[in-house]
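Just so you know, these numbers come straight off a predicted model, no measurement behind them. Order of listing sets the numbers, starting from 1, for every ligand and every atom in it.
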Amino acid sequence: MQIAIDGPAGAGKTSVARALAQHFQCLLVNTGAMYRAVALGLSQNLQLSDVHIDVLPRERLLLNGEDVTEQLYTPEMDELASQIAARPDVREVLIAKQRQIAQRQSVVMEGRDITTVVLPDADVKLFLEASVEARAQRRARERGEEYHSILEQIRERDQRDGQSFARLQITPKTIVLNTDHKSLDEVVALAIKAVQRALQGRNISGKLSQ
Ligand code: DC
């Protein structure tokens with residue numbers, strides 16, 4: 001089973017994807033973390049062809065066999081990942097890797113281009129949307145940082161992320177969930193319902209737990 005989730009930075013994708021992966025017993029693949037791991041490798045002067053990423057259960061990520069999970073969420077990696085995500089050679093390698101992972105097991109895969117490019121035929125496609133202010137508030141709370149500087153950073157990243165690939169798009173079969181003014185629990189409950197409905201519609205049993 002393939003559940004694809006897209007949305008802009010700070011819309012709550014990772015939290016929702018985590019909850020769905022647990023509920024439907026799938027591997028969670030956070031593709032943003034993969035771009036961050038490549039950024040880390042390139043910052044260590046590795047060539048792209050020498051960068052090998054493994055996605056493990058429980059959101060662990062290996063760079064050439066070393067667990068780098070704890071090194072990925074720094075302001076430097078926010079910046080660098082956003083820059084290297086604009087490189088077509090980086091995208092080509094990571095998209096191929098992401099498709100390979102999704103062919104081998106059931107996944108909840110989240111990112112920016114999963115519903116459109118990586119897994120356009122996923123069983124369920126979700127798009128989480130939220131206002132830039134709500135996204136900045138969420139990030140500021142999560143990271144304990146100042147709201148206005150986060151707001152500015154998110155605006156800049158939205159703009160650069162939009163230049164990296166064919167902008168965030170919503171395909172006709174994608175279910176859009178707006179997360180403004182909703183708690184995580186409310187969004188997760190809506191997402192689970194949306195997945196169940198979509199799977200029933202496609203007559204796929206998946207591993208639904210009631
Ligand atoms: O979701 P995130 O902030 O961890 O993503 C890190 C960077 O990678 C972000 O600048 C957008 C980019 N990215 C991408 O280009 N394509 C994806 N599928 C996922 C993330």
Side-chain angles (χ1 to χ4, degrees), residues 2-21 27-43 48 51 53 55 59-63 68-102 107-122 125-130 132 134-143 145 149-171 174 179:
Q2 297 177 346
I3 300 175
I5 308 180
D6 283 330
K13 292 188 301 285
T14 303
S15 306
V16 172
R18 192 176 285 141
L20 289 179
L27 179 72
L28 171 57
V29 184
N30 175 340
T31 60
M34 296 174 79
Y35 282 91
R36 288 168 183 271
V38 170
L40 183 65
L42 297 179
S43 76
L48 181 59
V51 171
I53 308 287
V55 177
E59 298 174 57
R60 308 308 296 182
L61 228 139
L62 305 186
L63 167 61
V68 293
T69 316
E70 309 301 335
Q71 300 171 45
L72 303 178
Y73 291 89
T74 62
E76 291 77 20
M77 286 306 131
D78 283 353
E79 195 58 34
L80 204 57
S82 173
Q83 285 171 19
I84 62 105
R87 280 177 48 174
D89 55 345
V90 169
R91 301 203 72 79
E92 193 183 327
V93 167
L94 283 184
I95 289 169
K97 177 89 192 165
Q98 289 153 9
R99 288 184 178 145
Q100 191 188 56
I101 294 171
V107 291
V108 174
M109 189 172 284
E110 56 119 332
R112 305 292 198 289
D113 57 348
I114 311 306
T115 60
T116 50
V117 176
V118 181
L119 303 175
D121 298 321
K125 299 194 281 184
L126 296 177
F127 189 97
L128 295 192
E129 66 171 17
V132 66
R135 294 187 284 127
Q137 268 166 14
R138 191 173 290 133
R139 276 277 150 106
R141 251 199 325 269
E142 273 168 17
R143 297 195 181 180
E145 289 170 25
S149 70
I150 295 265
L151 182 65
E152 211 37 55
Q153 281 169 29
I154 289 194
R155 284 202 170 116
E156 278 169 26
R157 281 188 56 203
D158 277 358
Q159 205 177 11
R160 192 167 41 224
D161 288 350
Q163 290 158 6
S164 307
F165 41 87
R167 283 198 170 274
L168 278 168
Q169 288 172 5
I170 302 176
T171 70
T174 298
T179 69

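- At a 4.0 Å heavy-atom cut-off, ligand 1 touches R36 through the side chain alone.
- The ligand atoms of ligand 1 that sit less than 4.0 angstrom from a heavy atom of S82 are 10 (O).
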### Message
Please determine whether side-chain hydrogen bond (donor to acceptor under 3.5 Å, both in side chains) holds for the pair E110 and T14, giving the CA-CA distance in whole Å, both sets of side-chain angles, and the decisive distance to 0.1 Å.
### Response
CA-CA 7 Å; E110 56 119 332; T14 303; 2.7 Å; yes
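- Considering only non-hydrogen atoms, atom 14 (C) of ligand 1 lies nearest to R91 out of M77, Q83, R91.
- Of the heavy atoms in A85, only side-chain atoms (C-beta onward) come closer than 4.0 Å to ligand 1.
- Every atom of ligand 1 with a heavy atom of Y35 under 4.0 Å away is listed here by number and element: 8 (O), 13 (N), 14 (C), 16 (N), 17 (C), 18 (N), 19 (C), 20 (C).
- Environment of CD in E92: sparse, with no more than 12 heavy atoms of neighbouring residues, nucleotides or ligands closer than 6.0 Å.
- Of the inter-residue distances, the one linking R60 atom CZ with T69 atom OG1 reads 3.5 Å to the nearest 0.5 angstrom.
- Considering both main-chain and side-chain atoms, K13 never comes within under 3.5 Å of ligand 1 through any nitrogen or oxygen pair.
- The distance from the CD1 atom of I5 to the CG atom of N30 is 10.5 Å, given to the nearest 0.5 Å.
- For the atom pair OG (S43) and CD (E79), the distance works out to 13.0 Å, reported to the nearest 0.5 Å.
- At under 3.5 Å, a nitrogen or oxygen of D113, whether backbone or side chain, sits near a nitrogen or oxygen of ligand 1.
- Below 4.0 Å from some heavy atom of T31 lie the following atoms of ligand 1, by number and element: 17 (C), 18 (N), 19 (C).
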### Message
For a side-chain contact (heavy atoms from CB on, under 4.5 Å) check, start with the C-alpha distance between L62 and I53, then their side-chain angles and the critical distance, and finish with the verdict.
### Response
CA-CA 6 Å; L62 305 186; I53 308 287; over 6 Å; no
